[in-house]
Colleague: 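The structure's right below; bear with me while I get my questions together.
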Amino acid sequence: MKTVLIILDGLSDKPVKKLKNRTPLEAAKTPNLDYLASNGVCGLIESFYFPWQKYPRSDTAHLALFGYDPRVYYLGRGVYEAVGENIRMKKGEVALRANFATVDKNLKILNRRAGRISNTGALIKAISGIKIKGIKFSVTESLGHRAVLVLKGKGLSSSIGGGDADKNIGIKAKSIIALDKSKKAKFTAEVLNEFLKQTHDILKNHSLNKKRKGKGLLPANYLLVRGAGEFRKTPSFYEKYKLKAGCIAAGHIYKGIAKVLGMDLINAQGATGGVDTNLPGKISSIKKNFKKYDFIFCHIKAADILSENGDCVGKMKFIEKIDKNIGSLLNIKDTRIVVTADHSTSCQTKKHCTELIPVLIYEHQKSENREIKFSEKSCKKGKLKKFKQIKLMTKILKK
Ligand code: ZN
């Protein structure tokens, strides 16, 4: 039997007053998801997070969803971003996420995104090719103000802090520090600090920044880096489950995780990772690729974005839109449909939260045999009960 795993990022939530003390999922009209839940089995998932994370994050939660214990396999956000950007990484190389930012002469952060600069190609060209103590620094342009930094060479470690000052402005950009006592961590922090100093010297005098200043725009004169990760091979999804898997996603992080696990990336036209994403396009991509794959992972991002914007009505409406599109999957035979989220995201706090996540596993021979509204509340009474995210694949593949 083939499996479609649909991850609705940040789907579940806390009840909100504006929706008569219901969650956006409870308030949404979802006849198709309700059908799948009523004719499948349901439960609630406890999302994975490291104690230091305080709340679940998308990257570690996705690893757990696929049955990879993040305590063993997590490589660091920078690696997944880099691989999602089609950067080929080798063992021992270290990748970090980077933002072009604006700092003053004392390195005080004035704007974390340099006024949301885009087209940073000229700046990246100016800072590429820097080599310090045998380490090569390679910067790749990403969306808008974002970039990916890869360190190549011997003796590197990802056990280093970031330079970002906890999303606050008006605070000095942090020096990179070693997070353990190893020589490698100390060395990596040292060369990275030197690189950030050199790039700042180049960027602050760059003609593009002078032009920006002239136009009253913020100069992109500093790289804020975070999420260091060291690449090493992860056993593939196929090696683990003997299933040929494909991924339909727009965000780099999800594509990166899928690629690290050896999944193929399936192109879906108009998939943006935003509210404007082409949902019919994504669903028809699932249908078109059924023959080729045993397992299709489809990621839909916007419920998380709407929660982080505090837009509970928008989130409810987007869930209804997803439901309408999922309708066309109901008549496919010999296919297991699994719908869940990576974590909950609260419209009230505009942050990820630890609320339990509803899950449904629909296949013809199993059934709850009762009417269920797919929601946080009713999945509590489901046959799957409450279980840890790392157990999802076992529940899915259990005959
Ligand atoms: Zn997420």
Side-chain angles (χ1 to χ4, degrees), residues 5-14 23-25 28 44-50 52-70 73-81 83-85 97 142-143 146 167 226-227 229 247-261 263 265 268 271-277 279 282 296-312 314-316 318-319 321-322 338-360 376 388-390 392-393:
L5 172 63
I6 301 174
I7 299 298
L8 307 175
D9 206 302
L11 170 73
S12 33
D13 207 323
K14 302 176 187 195
T23 67
L25 178 61
L44 286 175
I45 290 179
E46 222 175 287
S47 191
F48 174 89
Y49 59 101
F50 287 111
W52 52 267
Q53 290 178 320
K54 295 190 188 123
Y55 53 83
R57 294 192 189 165
S58 295
D59 51 1
T60 39
H62 271 79
L63 279 182
L65 282 170
F66 295 128
Y68 288 77
D69 189 338
Y73 294 107
Y74 185 54
L75 301 181
R77 175 91 179 218
V79 168
Y80 301 115
E81 293 278 351
V83 175
E85 280 283 1
R97 308 169 75 190
S142 185
L143 291 174
R146 297 184 187 93
K167 300 198 174 178
R226 64 193 188 284
C247 156
I248 301 170
H252 294 141
I253 180 76
Y254 313 101
K255 290 203 253 186
I257 291 169
K259 271 178 88 171
V260 165
L261 302 186
M263 294 183 188
L265 298 187
T272 62
V275 181
D276 61 344
T277 197
L279 285 174
K282 278 196 164 174
I296 295 180
F297 153 53
C298 177
H299 179 264
I300 299 173
K301 175 75 181 168
D304 181 56
I305 298 170
L306 291 160
S307 314
E308 286 179 349
N309 291 341
D311 183 0
C312 61
K315 181 174 180 180
M316 180 191 79
F318 188 77
I319 293 169
K321 210 166 133 189
I322 294 167
V338 185
V339 183
T340 187
D342 50 349
H343 52 74
S344 302
T345 311
S346 164
C347 287
Q348 273 168 356
T349 62
K350 302 178 185 178
K351 281 181 183 160
H352 294 183
C353 55
T354 54
E355 260 62 26
L356 298 173
I357 309 159
V359 57
L360 71 84
E376 295 87 341
K388 289 197 187 319
Q389 202 158 33
I390 191 82
L392 178 66
M393 282 303 293

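Because the structure is a prediction, the values reported are computed rather than measured. First listed ligand is number 1; within each ligand, the first listed atom is number 1. For the numbers below, each heavy atom of this structure counts, side chains included, while hydrogens, waters and symmetry mates do not.
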Colleague: Angle at the Zn ion (ligand 1): provide the value between NE2 of His343 and OD2 of Asp342, rounding to 10 degrees.
Modeller: 100°
Colleague: Return the name of the atom in Asp9, of element N, O or S, nearest to the Zn ion (ligand 1).
Modeller: OD1
Colleague: Do Lys315 and Ser307 get their side chains close enough for a donor-acceptor pair, meaning under 3.5 Å?
Modeller: yes
Colleague: Please report the closest heavy-atom contact between Leu63 and Ile257, naming both atoms and the distance.
Modeller: CD2-CG2, 4.3 Å
Colleague: Decide, counting backbone as well as side-chain atoms, whether Thr345 has an N, O or S atom less than 2.8 Å from the Zn ion (ligand 1).
Modeller: no
Colleague: Quickly, which of Glu81, Arg97, Glu85 forms a side chain to side chain donor-acceptor pair (under 3.5 Å) with His252? Name it, please.
Modeller: Glu85
Colleague: Could you tell me how the ring of Phe50 sits relative to the ring of Trp52: parallel (under 30°), tilted (30 to 60°) or perpendicular (over 60°)?
Modeller: parallel
